[in-house]
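Working notes, structure below.
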2 protein chains.
Amino acid sequence: MLSSEIQTALTPMNLKTLAEKLNLSQTTVSRALNGYPEVSEATRQRVEEAARRFNYHPNSRAKGLATGRARVIGHVIPSSTQHEMVNPIFGDFVAGASEACAQAGYDMIFSRVADGDEAQAYRALISRGSVDGIILQGPRVNETRIPILNEIGIPFIVHGRASGISQPYGWVDVNNKRSFQRATRFLTDLGHRRIALINGLETMDFAHRRRDGYLSALREAGIDPDPALMRSAEMTEIYGHRETRDMLRMDDPPTAILAASMISAIGVRRAIEEAGLVMGRDVSVITHDDDLSYLRNGGDVPIFTATRSSVRRAGGILAEMLIDRIENPAPEPNRLMLEAELVVGRSTGPAKTGH
Amino acid sequence: MLSSEIQTALTPMNLKTLAEKLNLSQTTVSRALNGYPEVSEATRQRVEEAARRFNYHPNSRAKGLATGRARVIGHVIPSSTQHEMVNPIFGDFVAGASEACAQAGYDMIFSRVADGDEAQAYRALISRGSVDGIILQGPRVNETRIPILNEIGIPFIVHGRASGISQPYGWVDVNNKRSFQRATRFLTDLGHRRIALINGLETMDFAHRRRDGYLSALREAGIDPDPALMRSAEMTEIYGHRETRDMLRMDDPPTAILAASMISAIGVRRAIEEAGLVMGRDVSVITHDDDLSYLRNGGDVPIFTATRSSVRRAGGILAEMLIDRIENPAPEPNRLMLEAELVVGRSTGPAKTGH
DNA sequence: CGCGCTTTTCAAAGCGCTTTGAGTGACAGC
DNA sequence: GCTGTCACTCAAAGCGCTTTGAAAAGCGCG
């Protein structure tokens, strides 16, 4: 009696034992489970029933080895010794992407890489056969990783775009230029002329484009951009607070501020309040809002006037597009431009005429 | 000449071709690369040199199949139809964990799972051989996943603990009870008697323990807990704002508030300011601070008085402990209790005597 | 009954690696 | 000169799956 127990404990539940239990060959069982037409409906039923009953799951490594496909998409996280910051939108992006992946039966793998080693890391990831495709996050202006991935020849898709890169690549991006142009125009229409931009790091492509939008709206309105009103750094709360505080102490302070994220906008608000001013009355604020689930922009009435675009949704779309590309290779990379909506909240108002 | 090019393009760089190029057997090459002593130093040098030159990386699936180890640790993300929220600490946690993983040569895989299907998901993940170990996030009181994982018998470690579970399991946790007890005591020592708790979801174990700490400090101070001052929900900004606003409208409003996260504390601050009050003077606030990289609690002087514990560090420790467990199986699961530090910022002050 | 034809099943090869058990020289000891 | 040891190296089996090429079974037909 003990021997039978040991038997069950030691016998792995793999294709071979399942086939033996069914008195069928591995071939037939495999085909039955993978929906091939060569197997009769009755047999298929029987096999599926047994697979469920014995809790059989094909070993993904063996499957991958045999098929050459891993059913995994990879993210490479640069360890960024320079910028210790973890992107706050990461969680929501991943949530969206993982939803789409789960739908298609894919997993996601995260690989951390020392800065500068990225080329090697990609090569290794692919050459090791760990992933079928890659999502490239946070492209910079003239992003070097794009040529690398193109050269390697693995399916990939970029979250954002990279100015200065001429070769083709697939991407999903928010129309950052247009949305910041609209936001800036919204402020000039309200009569503001001293408009500050508290941007993200301008080596990042998205920030670069936002600045473009900001500048072109100023130009439209006949306003000379003031370098003293343009700040650029990683979008933390502290940063939003510090820059706002400093600018509000200027002789000719801004009457309106554009912030690059909800997080830094919170810092902006804090500085405004510490200065004894009222947001929306004394200083107008518009922020970009990634529609993070833990940081919704207010309930019925948005707190901030904002350019809104769900990064979670973007994650889902990206993953879907990448998987589609993996499964149906096409010569033309596909692209998708998302438009941010401008939601009007309580943080903006007409410029004070006196000023 | 074309044929040779085609040759290089079509020949995969695997152990076999590498061995052929070196005029050695696959065995020797494999051993050389994996540091076995049976191979001469001269040969090893030659092999390593060639591996580098030809950009050879062993196929991880084949390696895993042969060794039975995936060198991957898994996270299962419940898709939580109920709580759509993506935990804002996710990003920092993952950053910490992935650092430790990278160090040890492990990757991390994320699998999204429908709520309730978790048992099946774990079983599948393991039975498919995709992971060597699992990190269990966000344990609830009486967490059902722990018995499941114990029964399956895969190495796992819990981020947090689960009250009500008697069987042994490994964990890393912050001493939530003690830290909230200290925080509450700090407030009672300042003379506060109307202290509100804006807690996380109390089905979550960490929130349950924090409430315990809060209650026992009140008891120490001879204060009867007022159910009207105890709120529990997911820790969003909106939630912190709404509950604070409502409580400040009470006939006998709180003079101090304990918040469960920086995010909800930001909402608390917003509500206080909207009510025309000053944080730290009219209403004291203490929050738990996970030391998120994008949401640091102030520069030199912390904005909030807070119980601080880096979730990024916790992620690193967890991953390390799990990997250690995978590589050196031990009967006793290991545990680690982290103590949060109480940092005193500008959000707390003595209770107004007049009230 | 043997012949094609389709339907259903199978044995075996192969994916890229590790690992076992064996084999080769070289060299010392008897 | 034969055996035992040591230092290297190798061919082949096996991990769990898919897939190819072939064979068996079922069936109607002359």
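Convention: sequence-line order gives letters A, B, ...; per-chain numbering from 1. Values below: all heavy atoms of this structure, side chains included; hydrogens, waters and symmetry mates excluded.
As a whole-Å value, the separation of A:Leu24 CG from C:dT7 C1' is 15 Å. C:dA11 atom C1' lies 12 Å from atom CZ of A:Arg31, rounded to whole Å. Between A:Arg61 atom CZ and C:dT18 atom P the separation is 13 Å, expressed in whole Å. Per the geometry, CG belonging to B:Asn23 stands 13 Å off C1' belonging to D:dC10, to the nearest Å. Atom P of nucleotide D:dA13 and atom CD of B:Gln26 are separated by 14 Å, given to the nearest angstrom. To the nearest angstrom, C1' of C:dT9 lies 12 Å from CZ of A:Arg46. The distance between atom CG of A:Leu18 and atom P of D:dT18, rounded to the nearest whole Å, is 12 Å. Spacing between atom CZ of A:Arg71 and atom C1' of D:dT18 amounts to 14 Å, rounded to whole angstrom units.
Distance from the side chain of A:Ser25 is smallest for C:dC10 among the nucleotides D:dC8, D:dC10, C:dC10. Nearest nucleotide to the A:Ala62 side chain, out of D:dG16, D:dA11, C:dG16: D:dG16.
A 4.5 Å side-chain heavy-atom check between B:His159 and B:Trp171 finds every atom pair outside the cut-off. Contact annotation: the side chain of A:Leu33 approaches that of A:Glu48 to within less than 4.5 Å [non-hydrogen atoms, C-beta and beyond]. In this structure the side chain of B:Tyr56 never reaches within 4.5 angstrom of the side chain of B:Lys21, judged on heavy atoms.
OP1 or OP2 of D:dT18 lies within a sub-4.0 Å distance of a side-chain N or O belonging to A:Asn34. The shortest distance between the side-chain N/O atoms of B:Asn59 and the OP1/OP2 oxygens of C:dG16 is not below 4.0 Å. Remark: A:Lys63 is in phosphate contact with D:dT18, judged by side-chain N or O atoms under 4.0 Å from OP1 or OP2. Taking 4.0 angstrom as the limit, B:Ser30 places a side-chain polar atom (N or O) nearer than this to OP1 or OP2 of C:dT18. OP1 or OP2 of D:dT9 has not a single side-chain nitrogen or oxygen of B:Thr28 nearer than 4.0 Å. At D:dT9, one or more side-chain N or O atoms of B:Thr43 fall inside 4.0 Å of OP1 or OP2 (strictly under the cut-off).
If you find the closest nucleotide of DNA chain C to A:Leu65 and to B:Tyr36, the one lying nearer the 5' end belongs to A:Leu65.
Donor-acceptor pairing under 3.5 Å, judged by distance alone, is absent between the side chain of B:Thr27 and the base of C:dT18.
Proximity of a side-chain donor or acceptor of B:Asn59 to a complementary backbone N or O of B:Arg61 within less than 3.5 Å is detected.
For the residue pair A:Thr43/A:Ser40, the side-chain donor-acceptor check at 3.5 Å is satisfied.
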